[in-house]
Amino acid sequence: MPTILGQNQYGKAENRVVKITRDGATHHIKDLNVSIALSGDMEEVHYSGSNANVLPTDTTKNTVFAFAKEYGIESAEQFGIHLARHFVTSQEPIHRARIRIEEYAWERIETSDANSKFIGADDVKHSFVRKGQEVRLTQITYDGEKWEVISGLKDLVVMNSTNSEFWGYVKDKYTTLQEAYDRILATQVSGRWRFNWTDDAQKMPNWEKSYEQVKKHMLHAFAETYSLSLQQTMYQMGSRIINNRSEIDEVRFSLPNKHHFLVDLEPFGLKNDNEVYFAADRPYGLIEATILRDGCEARIPVDMTNL
């Protein structure tokens, strides 16, 4: 045979599942987008077309919805762990499961104090508005023995309107950028962090609390760092997470520099005293780095495009 099969996997991608938990009149929402990838003894389906070891992708889709009912969705991480364990332990040919989940957050709509015509405002506990700050992410990988949990977020847009500078950089004959001693610093955060929980003998992290705390430390570092470069700010964001969250060993960021340029208002006889900016969407500087706990090894992929 002139060719051999390399790495392969299969599954059902982007299963949208919304779970409503009814606590009397008070409702709670978990809104997930779940993608499943399975691998193992799958050579024959590629070589001969035999499906003897293949669990249909439609079955994996059904499992997502059944597990939402059977186990509920405590957190994206916990739900992914249930799914990964199930696929690896229930199907002998499957040796490894990777579950990727995006979570879309909702918050309750605050109602008026006055009673409406039909429903007392104090009784409305089932209306929600989609949160727009970020999309929460997690990837769970399980091989029957070891776990790897990488969580994160994307599309979190942040800005400092001052306390940022950029000067002292290399200049050559193509350099036109003017040094800045008071500038806007803005970025759209894409971040991932790897937990050091790897087997069932360890105490499992509190996934919901961990996410909220990581986001808090990330934002505090962004706001409180007097920035001489986006790289410096990024490093402080990752360091603050690792120094405050013992369950996390590695953080990786991909931060586009969302440039804001001062508009020249002199043709109109106006002075622009750091007040009016043009927000450019492209091209943009792209700053990326991994921040590690001392003594730990980097495992989060450098290219996070599909993570």
Side-chain angles (χ1 to χ4, degrees), residues 28-32 73-81 100-110 128-140 148-164 184-197 202-258 287-294 296 298-300 304 307:
H28 307 274
I29 295 178
K30 282 290 188 179
D31 184 352
L32 307 183
I73 302 176
E74 178 184 322
S75 67
E77 288 85 356
Q78 187 65 59
F79 191 63
I81 287 168
R100 287 178 173 167
I101 299 176
E102 294 184 349
E103 178 176 348
Y104 313 114
W106 295 79
E107 61 184 352
R108 205 171 306 281
I109 296 174
E110 292 187 11
F128 301 84
V129 59
R130 172 80 174 268
K131 279 186 178 180
Q133 280 196 343
E134 83 272 7
V135 175
R136 180 174 169 178
L137 307 167
T138 193
Q139 174 178 289
I140 292 93
E148 181 183 76
V149 180
I150 298 173
S151 293
L153 55 78
K154 65 179 181 179
D155 301 333
L156 180 66
V157 180
V158 292
M159 173 192 289
N160 285 330
S161 57
T162 189
N163 284 359
S164 176
I184 287 177
L185 181 68
T187 186
Q188 183 169 314
V189 179
S190 179
R192 309 291 187 274
W193 45 91
R194 179 173 56 81
F195 292 88
N196 49 38
W197 178 79
Q202 295 175 267
K203 182 180 179 180
M204 191 179 294
N206 182 324
W207 306 112
E208 296 290 272
K209 180 180 178 181
S210 181
Y211 180 83
E212 292 303 324
Q213 289 294 307
V214 166
K215 182 182 173 184
K216 180 191 77 171
H217 290 301
M218 180 192 308
L219 292 177
H220 284 181
F222 180 83
E224 295 169 8
T225 300
Y226 191 103
S227 180
L228 299 177
S229 67
L230 182 53
Q231 287 92 329
Q232 175 196 17
T233 299
M234 177 172 57
Y235 183 77
Q236 290 301 317
M237 291 163 66
S239 294
R240 179 118 28 142
I241 292 169
I242 289 175
N243 289 334
N244 285 278
R245 302 307 304 174
S246 61
E247 73 273 23
I248 293 167
D249 282 348
E250 177 184 5
V251 180
R252 181 160 182 84
F253 286 118
S254 179
L255 303 183
N257 197 334
K258 298 180 76 68
I287 314 300
E288 300 179 308
T290 298
I291 300 95
L292 294 161
R293 189 177 301 282
D294 190 22
C296 293
R299 296 178 186 169
I300 299 176
M304 299 193 302
L307 176 60

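The figures that follow rest on heavy atoms only: side chains count, while hydrogens, waters and symmetry mates do not. Numbers for residues simply follow the sequence, beginning at 1.
- Glu224 CD to Asn160 CG: the interatomic distance, rounded to the nearest 0.5 Å, is 10.5 Å.
- Counting heavy atoms from C-beta outward, Asn244 and Gln213 have side chains that stay 4.5 Å or more apart.
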Could you walk me through whether Arg108 and His28 pass the side-chain contact (heavy atoms from CB on, under 4.5 Å) test, one step at a time? CA-CA 9 Å; Arg108 205 171 306 281; His28 307 274; 3.7 Å; yes
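- Here the closest non-hydrogen pair linking Thr138 and Ser151 is OG1-OG, 2.9 Å.
- From Leu137, atom CG reaches atom CD of Glu102 across 5.5 Å, with rounding to the nearest 0.5 Å.
- Using a distance-only test at 3.5 Å, with no hydrogens or angles considered, no donor-acceptor pair links the side chain of Arg194 to the main chain of Glu148.
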Could you go through the side-chain contact (heavy atoms from CB on, under 4.5 Å) check for Glu288 and Met304 one step at a time? CA-CA 10 Å; Glu288 300 179 308; Met304 299 193 302; 5.6 Å; no
Test log, rule side-chain contact (heavy atoms from CB on, under 4.5 Å), inputs Ile81 and Met204: CA-CA 11 Å; Ile81 287 168; Met204 191 179 294; 4.3 Å; yes
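- The environment of Tyr104 atom OH is dense: over 12 non-hydrogen atoms of other residues, nucleotides or ligands sit within 6.0 angstrom.
- Looking only at side-chain heavy atoms (C-beta outward), Phe253 and Met218 come within less than 4.5 Å of each other.
- A donor-acceptor distance shorter than 3.5 angstrom exists from the side chain of Gln202 to the backbone of Asn196, with no hydrogens or angles considered.
- The shortest heavy-atom contact between Glu247 and Ser210 is OE2-OG, 2.6 Å.
- Looking at heavy atoms from C-beta onward, Gln139 lies out of side-chain contact with Arg192 at the 4.5 angstrom threshold.
- Residue Leu32 comes nearest to Ala76 through the heavy atom pair CD2-CB, 4.4 Å, listed as atom of the first residue, atom of the second, then distance.
- Residues Ile150 and Arg252 form no side-chain contact, since every pair of their non-hydrogen atoms from C-beta on lies 4.5 Å or further apart.
- To the nearest 0.5 angstrom, Ser190 atom OG is 10.0 Å from Leu156 atom CG.
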Checking Val189 against Met237 for the side-chain contact (heavy atoms from CB on, under 4.5 Å) test, could you report, in this order, the C-alpha distance in whole Å, the side-chain angles of both residues, the deciding distance, and whether it holds? CA-CA 11 Å; Val189 179; Met237 291 163 66; 4.2 Å; yes
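- The two atoms that bring Ala298 and Thr290 nearest to each other are CB-CG2, 4.4 Å, heavy atoms only.
- A donor-acceptor pair shorter than 3.5 Å cannot be found between the side chains of Thr233 and Thr225.
- Asn163 CG to Ile184 CD1: the interatomic distance, rounded to the nearest 0.5 Å, is 12.5 Å.
- Contact record, Ser246 with Arg293: CA-NH2, 3.7 Å, taken as the closest heavy-atom pair.
- Taking OG of Ser164 as the start and CG of Leu228 as the end, the distance is 8.0 Å to the nearest 0.5 Å.
- Without hydrogens or angle criteria, Glu250 side chain to Cys296 main chain gives no donor-acceptor distance under 3.5 Å.
- For Arg136, the side-chain contact (heavy atoms from CB on, under 4.5 Å) partners are Ser75, Glu77, Glu103, Trp207, Glu208, Tyr211, not counting sequence neighbours.
- Put simply, the side chain of Thr187 never gets that close to the backbone of Asn257: no donor and acceptor are under 3.5 Å apart.
- Looking at Val158 and Leu219, their side chains come closer than 4.5 Å, going by heavy atoms from C-beta outward.
- A distance of 10.5 Å separates CD of Glu212 from CG of Asn206, quoted to the nearest 0.5 Å.
- Contact record, Phe195 with Pro205: CD2-CG, 4.1 Å, taken as the closest heavy-atom pair.
- Leu153 places a side-chain heavy atom less than 4.5 Å from the side chain of Trp193.
- Under a cut-off of 6.0 angstrom, the local environment of CD in Glu107 is crowded, with over 12 non-hydrogen atoms contributed by other residues, nucleotides or ligands.
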